[in-house]
Amino acid sequence: MKHFRLLIAGTPAETSRYADVLNPSTGEVVGKMPVATADDAEKAIASAKYAFPGWAAKSSAERAEAVSAIAAKIEENAEELATLLTQEQGKPLGGIGSRFEIGGAVAWTRYTASLDLPVEVIQDTPEGRVELHRKPIGVVASITPWNWPVMIACWHIMPAIRAGNTVVIKPSPNTPLSTIRLVEIINEVVPAGVVNIITGENELGSFLTSHPDVGKVVFTGSTPTGRKVMESASATVKRLTLELGGNDAGIVLPDADPKAIAEGLFWGAFINNGQTCAALKRLYVHDSLYDGVCDALVSYAANIKTGDGMADDSMLGPLQNRMQFDIVSSYVRDAVAKGARVLTGGTPTNGPGFFYPVTLVADIDHGTDLVDKEQFGPALPIIRYSDVEEAIAKANDSESGLGGSVWSSDIEKAKAIAARMECGSVWINNHGAIQPNAPFGGVKQSGVGVEFGMEGLKEMTTVQSVFIPG
Ligand code: NAD
């Protein structure tokens, strides 16, 4: 069984303890995760701090070249990364699975390489010149979740190093191995200490978020953990980007065509088995086409094969872990107990593997866990409405505000409703289609700040205004 190792100051590091990483399809051990101690975390931060001045002093073009070279290296190693990802995360190798995720990692990395933050001139008059300089922050701590671990690691690391920061990344203990491999690949390009990885228990996360030598934390994960990160980062007033949980609503207007939108609705909700921050998690459908949308979704779902991610015909894999499996099971049970109607699925399969079928739940409303909370799994509640104002009010009746969508044959009408949705991204006749040039982030308790594009890159910097006399 392969023992993976930490990577600190460009050097693989052993730990005294290792933990099994399990394949959620089979329960078999995929590899051994090194369990870092506080001492290891201290060394990783010291290594990033030591590497910072040299990396920050490189020219923007040199750093762009390095990030671009990383994209090429990820691409070269794509199949190995994708296989490891499927084994530890569960998602299928093909389809919208691991190869897709690694492709996304390459695309985001390449796009980030192409960005630049030149000095901006705010004023240039006889009285004087004012320039806006963007400077790297220092050591960035990256903390990632288990749903899209490689792509999210790239979302954190690439803009951080592109802007001249150095990084210590701590992936989720559920899916650490593909990120270790990613960091090894990155280290073939960047100088020692620019990107370090520590893996192990959650406590490492709070060690990073409270450490005085960490200047910024970029965190992707649940809202409850995000609150803890914010609290712990407050003592040293760290910069924060928090990408937190979502409970995205989609509104289907009366003029939509159920058959035409079924595929988009399905993948909006069930991408990565619903284990996606900006997945469609509550669907509001007008009374006049409620049955048509339910039928079209049931028909589409009938052709979806759930199975071991390594099998060629699997379109969806298992849930990644027992905790998520239990949450989804309990939310569906609660819905049924409150009178909701299961259109398909609803009965978890017995192990091995955390397999839960695609589940569509009708005749359900607010007041059930499946609607009010983030299910983060393959169970979609379909809520009936008769007045679009009521649908908008219900969609916005959430402490989350990550994504949203409007489905209609009339784009102008859809745009007007989209503008009223309280969320950081909103799509028309689509849901969750993020792209590297469009800022992505949550409003309300779905997060602080944005990632991607120029706006995301700027978050990896501090501003210095420079006043030059005339
Ligand atoms: P989680 O909050 O349990 O864990 C996320 C990371 O935080 C892990 O690496 C974990 O080890 C670490 N951690 C745990 N306790 C910590 C602490 N006290 N201090 C610092 N770090 C700590 O989330 P998860 O279950 O891994 O991921 C699922 C959640 O992530 C969902 O809510 C999902 O919506 C959200 N998510 C959001 C986005 C986004 O971009 N907004 C993207 C993906 C996932």
Side-chain angles (χ1 to χ4, degrees), residues 19 21 24 33 35-36 38 41 88-89 91 101 104 108 141-156 168-176 178-180 197-211 214 217-234 238 240-248 271-281 319-328 373-377 398-403 423-425 432 434 438-452 456 459:
V21 175
M33 167 184 77
V35 180
E88 68 174 353
Q89 205 285 333
K91 65 184 66 182
E101 177 168 347
W108 258 266
S142 150
I143 300 175
T144 53
W146 47 258
N147 57 344
W148 296 90
V150 176
M151 192 154 68
I152 292 175
C154 289
W155 294 352
H156 290 187
V168 177
I169 183 169
K170 191 213 77 65
S172 164
N174 291 327
T175 54
S178 49
T179 310
I180 292 181
I197 181 162
I198 51 170
T199 56
E201 306 305 334
N202 290 342
E203 288 65 38
L204 290 172
S206 34
F207 189 88
L208 291 175
T209 58
S210 60
H211 198 286
V214 169
V217 178
V218 49
F219 170 84
T220 303
S222 64
T223 300
T225 311
R227 291 189 191 106
K228 290 186 197 161
V229 170
M230 208 169 189
E231 200 177 332
S232 135
S234 71
K238 295 188 196 317
L240 287 177
T241 301
L242 302 177
E243 295 288 1
L244 308 179
N247 194 3
D248 292 11
I271 180 170
N272 203 30
N273 236 346
Q275 302 167 117
T276 298
C277 49
L280 174 57
K281 292 173 182 151
L319 284 159
Q320 202 283 325
N321 55 71
R322 160 69 60 189
M323 189 191 79
Q324 207 57 48
F325 179 86
D326 290 343
I327 289 174
V328 175
K373 299 182 183 173
E374 183 186 35
Q375 68 276 51
F376 218 60
S398 168
E399 66 182 33
S400 300
L402 194 56
C423 49
S425 298
I434 51 171
F440 174 73
V443 301
K444 301 201 272 189
Q445 293 186 37
S446 283
V448 172
V450 293
E451 297 184 276
F452 312 167
E459 292 209 8

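Each ligand, and each atom within it, is numbered from 1 in the order the structure gives. Below, each value reflects all heavy atoms present in this structure, side chains not excepted, and no hydrogens, waters or symmetry copies.
- Here is the list of ligand 1 atoms found below 4.0 Å of a heavy atom in F440: 40 (O).
- Residue contacts with ligand 1: E374 is placed with a nitrogen or oxygen under 3.5 Å of a nitrogen or oxygen of the ligand (distance criterion only).
- Of the protein's non-hydrogen atoms, G205 CA, 3.6 Å is the one closest to atom 21 (N) of ligand 1.
- In this structure, atom 32 (O) of ligand 1 has protein heavy atoms in its sub-4.0 angstrom surroundings.
- Polar contact check, W155 against ligand 1: no nitrogen or oxygen pair lies under 3.5 Å apart.
- For the residue pair T225 and S222, a side-chain donor N or O sits within less than 3.5 Å of a side-chain acceptor on the partner.
- Distances shorter than 4.0 angstrom occur between a heavy atom of S206 and an atom of ligand 1.
- In terms of protein heavy-atom proximity, atom 25 (O) of ligand 1 is closest to W146 NE1, 2.9 Å.
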Derivation of the side chain to side chain contact (heavy atoms under 4.5 Å, CB included) call for W148 and I271: CA-CA 11 Å; W148 296 90; I271 180 170; 3.8 Å; yes

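- Counting protein heavy atoms only, atom 27 (O) of ligand 1 is closest to P145 CB, 3.3 Å.
- Remark: minimum distance from atom 11 (O) of ligand 1 to any protein heavy atom is reached at N202 OD1, 2.6 Å.
- Between G246 and S446 the shortest heavy-atom distance is CA-OG, 4.0 Å.
- Annotation: the span from W155 atom CH2 to S142 atom OG amounts to 12.0 Å, rounded to 0.5 Å.
- Near K228, meaning under 4.0 Å from any of its heavy atoms, are these atoms of ligand 1: 18 (N).
- Under the side chain to side chain contact (heavy atoms under 4.5 Å, CB included) criterion, P176 pairs with V21, M33, E88, P171, T199, not counting sequence neighbours.
- Proximity annotation for atom 28 (C) of ligand 1: of F219, F376, W148, F376 comes nearest, heavy atoms only.
- Remark: ligand 1 atoms within the under-4.0 Å shell around heavy atoms of C277 are 34 (O), 36 (N), 37 (C), 38 (C), 39 (C), 40 (O), 41 (N), 42 (C), 43 (C), 44 (C).
- Listed by number with element, the atoms of ligand 1 under 4.0 angstrom from any heavy atom of I143 are 6 (C), 7 (O), 9 (O), 12 (C), 20 (C), 21 (N).
- To the nearest 0.5 Å, atom CG of residue N147 and atom CD of residue Q89 are 7.0 Å apart.
- Annotation: the span from Q375 atom CD to K281 atom NZ amounts to 6.5 Å, rounded to 0.5 Å.
- Heavy-atom minimum distance, E459 versus V450: OE2-N, 2.7 Å.
- Smallest separation of non-hydrogen atoms from A141 and L208: CB-CB, 4.0 Å.
- Of the polar atoms of K170, at least one N or O is found under 3.5 Å from an N or O of ligand 1, judged by distance alone.
- For ligand 1 and I152, the ligand atoms under 4.0 Å from any heavy atom of the residue are 42 (C), 43 (C).
- For ligand 1, the atoms lying closer than 4.0 Å to a non-hydrogen atom of L402 are 41 (N).
- Within the 4.5 Å cutoff, no side-chain heavy atoms of C277 are placed close to those of T220.
- Considering backbone and side-chain N/O atoms, K281 never comes within less than 3.5 Å of an N/O atom of ligand 1.
- Residue contacts with ligand 1: L244 is placed with a nitrogen or oxygen under 3.5 Å of a nitrogen or oxygen of the ligand (distance criterion only).
- Near P173, the atoms of ligand 1 lying under 4.0 angstrom from a non-hydrogen atom of the residue are 11 (O).
- Taking distance alone, with nitrogen or oxygen atoms compared against 3.5 Å, T225 approaches ligand 1 more closely than that limit.
- With rounding to the nearest 0.5 Å, the separation of CE in M151 from CD1 in I434 is 5.0 Å.
- Here the shortest heavy-atom distance to atom 5 (C) of ligand 1, taken over T220, T209, T241, belongs to T220.
- In terms of polar-atom proximity, N147 is not counted as a contact of ligand 1, lacking any N or O under 3.5 Å from an N or O of the ligand.
- Residue A41 comes nearest to L204 through the heavy atom pair CB-CD2, 4.1 Å, listed as atom of the first residue, atom of the second, then distance.
- Of the options P149, G442, G221, the smallest heavy-atom separation from atom 30 (O) of ligand 1 is shown by G221.
- There is no side-chain donor-acceptor pair under 3.5 Å between T144 and H156.
- The shortest side-chain heavy-atom distance between V168 and V214 does not fall under the 4.5 Å cut-off.
- Of the protein's heavy atoms, S222 N, 3.4 Å lies nearest to atom 23 (O) of ligand 1.
- Residue T144 places at least one N or O, backbone or side chain, under 3.5 Å from an N or O of ligand 1.
- Both the backbone and the side chain of E243 come within 4.0 Å of ligand 1, judged by heavy-atom distances.
- In this structure, F452 and F440 have parallel ring planes: the angle between them is below the 30° cut-off, well short of the 60° mark.
- Near P171, with a cut-off below 4.0 Å to any heavy atom, the atoms of ligand 1 are 9 (O).
- Under the 4.0 Å criterion applied to side-chain N and carboxylate O atoms, R227 and E399 are assigned as salt-bridge partners.
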